[in-house]
Engineer: 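Take a look at this one; I'll ask things after.
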Amino acid sequence: MEKFSKYSNVHVDYTIWIKDENGADIIGDDKFLMLKTIREEGSLKTAAEKLHISYRKAWGDLKTCEDLLGFPLLEKQRGGADGGRTLLTDEGIRFITLYESMHNEFQVAVTEIIKRFKKTLKG
């Protein structure tokens, strides 16, 4: 039987949310992942299917996000022989790029905080 050190089973989890001045959720990891997947797939429908989210929920969540931000993140192109496409606007690409950069910086800082926390716990 493997022996565990004190507090080896303690893990810290966190989520980053960007909110408006009234506390309404604008974007978190789920919406970020949806936007990133739309950028990769070129389709809201395909992204929603890939992430196991209904198209209606995905569209509604992202529309709310756009309304709270005050600028469009998505550009929809309907129909045609090859079907429609959903692309991120230039501002949408800029926004998710900056969000990802902030998230990565946050992860580095949080990792150090968690290490200190666990070290202190083990005392």
Side-chain angles (χ1 to χ4, degrees):
M1 180 178 199
E2 184 178 334
K3 183 177 177 171
F4 293 97
S5 64
K6 186 176 182 183
Y7 299 113
S8 64
N9 63 337
V10 172
H11 299 278
V12 178
D13 194 9
Y14 67 94
T15 302
I16 298 173
W17 287 99
I18 295 178
K19 298 177 177 260
D20 73 2
E21 66 274 3
N22 298 315
D25 295 337
I26 296 175
I27 190 168
D29 292 345
D30 291 344
K31 290 178 190 170
F32 166 74
L33 184 57
M34 176 58 69
L35 289 166
K36 189 173 176 180
T37 306
I38 290 169
R39 184 175 187 197
E40 293 166 358
E41 298 294 334
S43 164
L44 174 60
K45 181 181 180 208
T46 303
E49 287 172 355
K50 190 172 186 177
L51 298 174
H52 308 288
I53 300 169
S54 76
Y55 176 88
R56 178 180 287 255
K57 176 171 176 27
W59 179 249
D61 286 351
L62 294 176
K63 179 69 177 129
T64 299
C65 185
E66 289 179 327
D67 291 345
L68 290 169
L69 286 170
F71 58 86
L73 297 168
L74 303 174
E75 177 183 311
K76 289 190 70 147
Q77 298 174 351
R78 292 189 178 213
D82 298 325
R85 298 181 344 161
T86 305
L87 304 172
L88 268 63
T89 62
D90 289 343
E91 191 65 22
I93 292 169
R94 181 175 180 270
F95 184 77
I96 68 163
T97 300
L98 291 172
Y99 179 89
E100 186 169 38
S101 177
M102 177 198 62
H103 199 288
N104 291 339
E105 287 182 51
F106 194 86
Q107 179 61 49
V108 170
V110 167
T111 298
E112 288 305 312
I113 292 166
I114 291 168
K115 284 180 187 177
R116 286 194 311 270
F117 173 74
K118 289 182 94 172
K119 185 177 180 181
T120 304
L121 275 178
K122 292 177 183 179

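The chain is numbered in sequence order, starting from 1.
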Engineer: Taking all atoms of both residues into account, what is the closest heavy-atom pair of A58 and I53, and its distance?
Structural biologist: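 Heavy-atom minimum between the residues: N-CG2, 4.0 Å.
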Engineer: Are V108 and F117 joined in one hydrophobic group, where the rule is that I, L, V, M, F, W and Y side chains link up if heavy atoms are under 4.5 Å apart?
Structural biologist: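 V108 does not cluster with F117.
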Engineer: Would you check if E49 and K45 make a side-chain contact, meaning some heavy-atom pair closer than 4.5 Å?
Structural biologist: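 Touching, per the 4.5 Å side-chain cut-off.
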Engineer: Under the criterion side chain to side chain contact (heavy atoms under 4.5 Å, CB included), I'd like the reasoning laid out for E112 against K115: C-alpha separation, chi angles, the key distance, then a yes or no.
Structural biologist: CA-CA 5 Å; E112 288 305 312; K115 284 180 187 177; 3.5 Å; yes
Engineer: Any donor-acceptor pair under 3.5 Å linking the side chain of T89 with the backbone of P72?
Structural biologist: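 Judged by distance alone, yes, a pair lies under 3.5 Å.
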Engineer: With a 4.5 Å limit on heavy-atom distance, are the side chains of E91 and R94 in contact?
Structural biologist: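 E91 vs R94: side chains touch.
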Engineer: When the side chains of residues 30-39 are checked against the rest of the protein, which donor-acceptor pairs come out under 3.5 Å, sequence neighbours left out?
Structural biologist:
residue, atom, partner, partner atom, Å
K31, NZ, I26, O, 3.3
K36, NZ, E100, OE2, 3.1
T37, OG1, L33, O, 2.8

Engineer: Would you find more than 12 non-hydrogen atoms of other residues, nucleotides or ligands less than 6.0 Å from N104 atom CG?
Structural biologist: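 Yes, because the 6.0 Å sphere around CG of N104 holds more than 12 heavy atoms from other groups.
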Engineer: Considering non-hydrogen atoms only, spot the tightest contact between L68 and D25 and give its length.
Structural biologist: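 Residues L68 and D25, closest heavy atoms: CD1-O, 3.3 Å.
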Engineer: Of the non-hydrogen atoms in L73 and G92, which two are nearest, and what is the gap between them?
Structural biologist: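 So the two residues come closest at CD2-CA, 3.7 Å.
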Engineer: Above 12 or not: heavy atoms from other molecules or residues under 6.0 Å from NZ of K57?
Structural biologist: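 12 or below, so no.
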Engineer: More than 12 heavy atoms of other residues, nucleotides or ligands under 6.0 Å from OH of Y55: is that the case?
Structural biologist: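 Result for OH/Y55: enclosed.
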Engineer: Search all heavy atoms of G42 against all heavy atoms of L87 and return the closest pair with its distance.
Structural biologist: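 The pair with the smallest heavy-atom distance is CA-CD2, 4.5 Å.
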Engineer: With rounding to the nearest 0.5 angstrom, report the CG to CD1 distance, L98 to I93.
Structural biologist: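 Taking CG in L98 and CD1 in I93, the distance rounds to 12.0 Å.
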Engineer: Would you please classify the geometry between the Y14 ring and the F106 ring as parallel, tilted or perpendicular, with 30° and 60° separating the classes?
Structural biologist: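 The arrangement is tilted - the two ring planes meet at 30° to 60°.
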Engineer: Working to the nearest 0.5 Å, report the span between NZ of K118 and CD1 of I114.
Structural biologist: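 Here the rounded value is 8.0 Å.
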Engineer: Would you say D20's side chain and N22's backbone share a donor-acceptor pair under 3.5 angstrom?
Structural biologist: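 Checking the backbone N and O of N22 against the side chain of D20, a donor-acceptor pair under 3.5 Å is found.
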Engineer: Below 4.5 Å, heavy atoms only, C-beta onward: do Y99 and D29 meet side chain to side chain?
Structural biologist: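 Of all side-chain heavy-atom pairs linking D29 with Y99, at least one is under 4.5 Å.
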Engineer: Do F95 and L88 come close enough that some side-chain heavy atom pair is under 4.5 Å?
Structural biologist: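 Sidechains of L88 and F95: no contact.
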Engineer: Between atom CD of E75 and atom CG of D90, what is the distance when rounded to the nearest 0.5 Å?
Structural biologist: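 It comes to 8.5 Å.
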Engineer: Determine whether W17 and I96 fall in the same hydrophobic cluster, where Ile, Leu, Val, Met, Phe, Trp and Tyr are linked whenever their side-chain heavy atoms lie under 4.5 Å apart.
Structural biologist: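 Unlinked, W17 and I96 end up in two clusters.
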Engineer: Measure the spacing between CD1 of I27 and NZ of K19 and express it to the nearest 0.5 Å.
Structural biologist: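 These two atoms lie 13.0 Å from each other.
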Engineer: Within the distance-only criterion (no hydrogens, no angle test), does the side chain of S101 pair as donor or acceptor with the backbone N or O of T97 below 3.5 angstrom?
Structural biologist: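 A pair under 3.5 Å: no.
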